**Q** 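Here it is, the structure, as structure tokens.
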Amino acid sequence: MSSSSDKSKDIQDTTKRDFLYLTAASMGAVAAGSVVWPLVDQMNPAADTLALSTTEVDLSPIKEGQSITVVWRGAPVFIRKRTHAEIEESRGVDVSTLRDKESDEDRTQKAEWLVMTGICTHLGCIPLGQKSGDQKGDYGGWFCPCHGSHYDTAGRIRKGPAPKNLIVPPYEFLDDTTLRIG
Amino acid sequence: MASGQREKFENPVIEWVDSRLPVFTMMQKEYGVFPTPKNFNYFWNFGAIAMFMLVTMILSGIILAMHYTAHNMHAFDSVERIMRDVNYGWLIRYIHSNGASFFFIAVYIHIFRGIYYGSYKRPRELLWIFGVLIFLLMMATAFMGYVLPWGQMSFWGAQVITNFFSAIPWVGEDIVLWLRGGFAIDNPTLNRFFSLHYLLPFVIVGVVFLHIWALHVTGSNNPEGIEPKTEKDTLPFHPYYTMKDTFGILVFVAIYAIFVFFFPNALGHPDNYIPADPMVTPAHIVPEWYFLPFYAILRAFTFGVNIYILAGLGLTVVALLPLFTKKTAKEISLPVMSFLMALAGVLLLLGYFSQLELESGAKALSLPLSTAFVDAKLCGVLAMFGAIAVLFVLPFLDTHPVRSARYRPWFKLGVLLLVVDVVILTVCGAKPAEGFWVPLSQVSMLYYMGFFMMGIPFLSKFEPIKDLPKSIHQSVLGGERA
Amino acid sequence: MIYTNTLSLRHPRGTAEQCSSSGIHTVCDTVTLRNSSVFNTDSCLRRNDTRLFLKYILPFLLLFLWVSPAMASGDEIDLPQEHWSFDGAFGTYDKAALQRGLKVYQNVCAACHSLKRVHYRNLSDLGYNEEQIKTIAREYTVPDLPNDEGEVLDRSARPSDPFVSPYPNDQAAKYANNGAFPPDLSLITKARAGGADYIYALMTGYHDAPEGTELLAGQYWNQYISGHVIAMPSPLSEGLVSYEDGSPETIDQYSKDVAHFLTWAAEPEMEHRKRMGIKVVLYLIVFAGVMYAVKKKIWANVRKP
């Protein structure tokens, strides 16, 4: 028996064996990876939760000067049909003097409709000002009773500890009287 | 401590950890170089498979608990939400519900292997007892898990099983009340079952740890049933058995996957897709298939114990008493034993038929004192728990010196018949308790009990001892015997 | 037969070893060996336990598997086996049949039976787009959340709402149907042995009661329900629902379509499940094959004495 042919057979065998082990190991890794994904993904929002990620609102019953609150993704959304005076007041403000510099046009798609998340940007309380009898703060918009933040008629922070304006959620008008939030 | 004679690891991180807590040394010792008999067959894969199933069940169960609501008004709906809305919820639930069945399949084969090859025998008695304890805990866990979806079978299964305990004299009703936390199966019952269903698997993990610890003290049994003697008889656990177990697990999981993906409800009952209704009982209440043999034993008692049956049982004990003494086969008189057993048989039959007569109102025997003083219900419950309890004492019933059924033809026949018997009991458990199925389950129950309580002690004394191979190595080489 | 005194053989430590002293004998000795040097434990096993298992135990296990379907339901009536597009490992739903089935459900079944676990948004599985689903949902009204004055007003349904039930609660459903509760249909094919076959058989199984059968008022005779007595009158009749795709407007076609639709309602995940299942099972088989080769390779040196 020649030792050289033995050796080449050995090498062949080793390559074959290594290939086999490598295949098995990588198949195991792929299997483990595919098992992990469902186990992770199950914690993402479920289909019923996602189905509520957009909300459609019928705007037709809201009269000028009225506000409604709708629930969207578990949080209140303020929708206000603003009066002429409110729009004028808001547009008359010099943006550069504001804490969070946003113009009224930046915050609205249609001037009379103001849509924003009703959560104070300070510590997450819900500001007052949606009902006619509510305290509306020094700027005629909203007032957060927790720590005294005052928001104007465009929901911008004017006074008090809150750092930012009330957040405008993504929304679009499907037609003149239907609004989709989200 | 063992860490004293530790060998150093090359990897500095592993070495750093291991010098402080020798987990790697332990893994190396118990799963790396651990000497394992070289002659295992594929029956020895089922321990690893059962372990794999336990992990699968705990993982999928923890995930289901994230979405499940343990309240009688919401449980069914929350399960349906898992099935329809949760991402991959259907997959995880089907893995869990079919996983219970496949866990039991693995464990039943594992138990069969233990009996067939005598793995319960000295010095592995405690190892076996831990195993039976795991089995018992699994049954409790599986039962409570089946209640959680709060379908019709969940509800009525819970009703029937909690009712077992009402058979206990005097305190039975109070125990049932205590178990249910109310006058009927209701929200409190569901809540406690959920809590325990979540807890018990971790208790199982603890007992599994003891089971494996005990295994690593005595070492594994093997198909020949003889202890490894030299290094030639064993192989290191890794890579030989790690790779063989991985292969076995993959084959098992492939079959399991076929059920999960293509027949996810084949092992379940359609009625459990009907929400629980305390006012409507399903036509047939059937437990999960893995409980059927025990359910059949429960229902086999359509008769109670009267004076004749008691006397028959007493006489049986007297007849078999010599088997449990130190007497040798030669010192035991078979004719006397046979005579006493025959007499006991006659008494038992008299008792049985006189009970049937009372039931049916016939007047063929008209024996005096044939009324039962232990009713059928209590007998059934005792027999059912006895069927499990007998497994606990199996190591002490069997004193035959040969382990493996390979070298015990009588025992082998008995065990194989036991398998057939258990299959028959399973079928009986699924059928309504009427007609032909009643006597069939009674005979099958008699064999089950008889094999363990009488057959095994009898064979311990009287089965001839075959010659065994000198060593595992020698047996493996077969052809080249000395 | 030798009755050996077993106790005399007992030894404080072991059980089996002592017995081997009397002689050497294994069960493998009759195997013809091609090459004794590669003979290993597996052939010993083949000869012994495995064959025994296959010969005696397996037939019983197969028998058990064979009877197990019958176990689910004691005295079941034989249902005719229909052919469904969703049968088998590669089966899928037929979207046209699902849409027709939805129409049958909406126009006929929905008068009494709820389908509360299916949401309008789920209808995208049937091939409807968002606008179509909104339109379908808008035909129904649901009670809104209480408003600021505490009044509960109705609003039109949205895609995120479940199918609107015909009755406000179970008691109302029972009362309106002579005390017989029309079950929710969301899971009906999973909750009845036979599934779609059962629904189809039930829908087409209405016949005049055979002579001598007494039916009470509000009872009907059906070939395929256990006991043959059902409280639901035959719901379908020819031409009851108009189809736009030219499918025959017959009881048979309606029954098939509604059974198809209800199977989807019970198992909306089925197509996804089967698609995934084929991949998973194939992968596992290949992986097991590779592992078998690995195991053989590793064990190869054990064969040598």
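Keep in mind it's a predicted model, so treat the numbers as computed, not measured. Convention: sequence-line order gives letters A, B, ...; per-chain numbering from 1.
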**Q** If I measure from the heavy atoms of chain B, does C:I188 come under 4.5 Å with its side chain, its backbone, both, or neither?
**A** neither
**Q** Should we count NZ of C:K274 as having more than 12 external heavy atoms under 6.0 Å?
**A** yes
**Q** Can you tell me which residue among B:I249, B:D245, B:T246 is in a side-chain contact (heavy atoms from CB on, under 4.5 Å) with C:M291?
**A** B:T246
**Q** Do the side chains of B:M243 and C:Y292 get nearer than 4.5 Å, heavy atoms only?
**A** no
**Q** Applying salt bridge (Lys or Arg N to Asp or Glu O under 4.0 Å), can you list everything that pairs with C:E269, at least two apart in sequence or on another chain?
**A** C:R273
**Q** In terms of heavy-atom pairs under 4.5 Å, which option from B:A405, B:A266, B:P264 contacts chain C the most?
**A** B:P264
**Q** Mind checking side chain to side chain contact (heavy atoms under 4.5 Å, CB included) for B:E125 and listing every partner two or more places apart, or none if nothing turns up?
**A** B:R122, B:P395, B:F396
**Q** Please classify the contact of C:A293 with chain B as side chain, backbone, both or neither, using a heavy-atom distance under 4.5 Å.
**A** neither
**Q** Does any backbone or side-chain atom of B:D85 lie under 4.5 Å from a heavy atom of chain C? Answer side chain, backbone, both or neither.
**A** side chain
**Q** Among C:G88, C:G91, C:A89, C:G195, which residue forms the greatest number of heavy-atom pairs with chain B at distances under 4.5 Å?
**A** C:A89
**Q** Go through C:K116, C:H119, C:R121 and name the one with the most non-hydrogen pairs under 4.5 angstrom from chain B.
**A** C:R121
**Q** Using 0.5 Å steps for rounding, measure from the OH atom of B:Y240 to the CG atom of C:N301.
**A** 3.5 Å
**Q** If you count heavy atoms of other groups shown closer than 6.0 angstrom to OH of C:Y175, is the number above 12?
**A** no
**Q** For residues 283-290 of chain C, give me every residue with a non-hydrogen atom less than 4.5 Å from any non-hydrogen atom of chain B.
**A** C:L284, C:F287, C:A288
**Q** Under 4.5 Å, counting heavy-atom pairs only, tell me which of C:L282, C:D184, C:I278 racks up the most with chain B.
**A** C:I278
**Q** Just list the side-chain donor-acceptor pairs under 3.5 Å for residues 88-95 of chain B, sequence neighbours left out, or say none.
**A**
{"unit_1": "B:R93", "atom_1": "NH1", "unit_2": "B:Y273", "atom_2": "OH", "d": "3.3"}
{"unit_1": "B:Y94", "atom_1": "OH", "unit_2": "B:N265", "atom_2": "ND2", "d": "3.3"}
{"unit_1": "B:Y94", "atom_1": "OH", "unit_2": "C:K190", "atom_2": "NZ", "d": "3.2"}

**Q** If we only count heavy atoms from C-beta on, is the B:K244 to C:V294 side-chain gap below 4.5 Å?
**A** no
**Q** Check C:V281 against B:A257 and note the closest heavy-atom contact, atom names and distance.
**A** CG2-CB, 4.0 Å
**Q** Taking side chain as C-beta onward, heavy atoms only, is C:K295 less than 4.5 Å from B:T242?
**A** no
**Q** Based on non-hydrogen pairs under 4.5 Å, which of B:R84, B:Q152, B:E80 is most in contact with chain C?
**A** B:R84
**Q** Does any part of the side chain of C:F181, heavy atoms only, come nearer than 4.5 Å to the side chain of B:V280, both counted from C-beta?
**A** no
**Q** Side chain, backbone, both or neither: which part of B:P282 has an atom under 4.5 Å from a heavy atom of chain C?
**A** neither
**Q** Counting only non-hydrogen atoms closer than 4.5 Å, does C:T189 touch chain B with its backbone (N, CA, C, O), its side chain (CB onward), both, or neither?
**A** neither
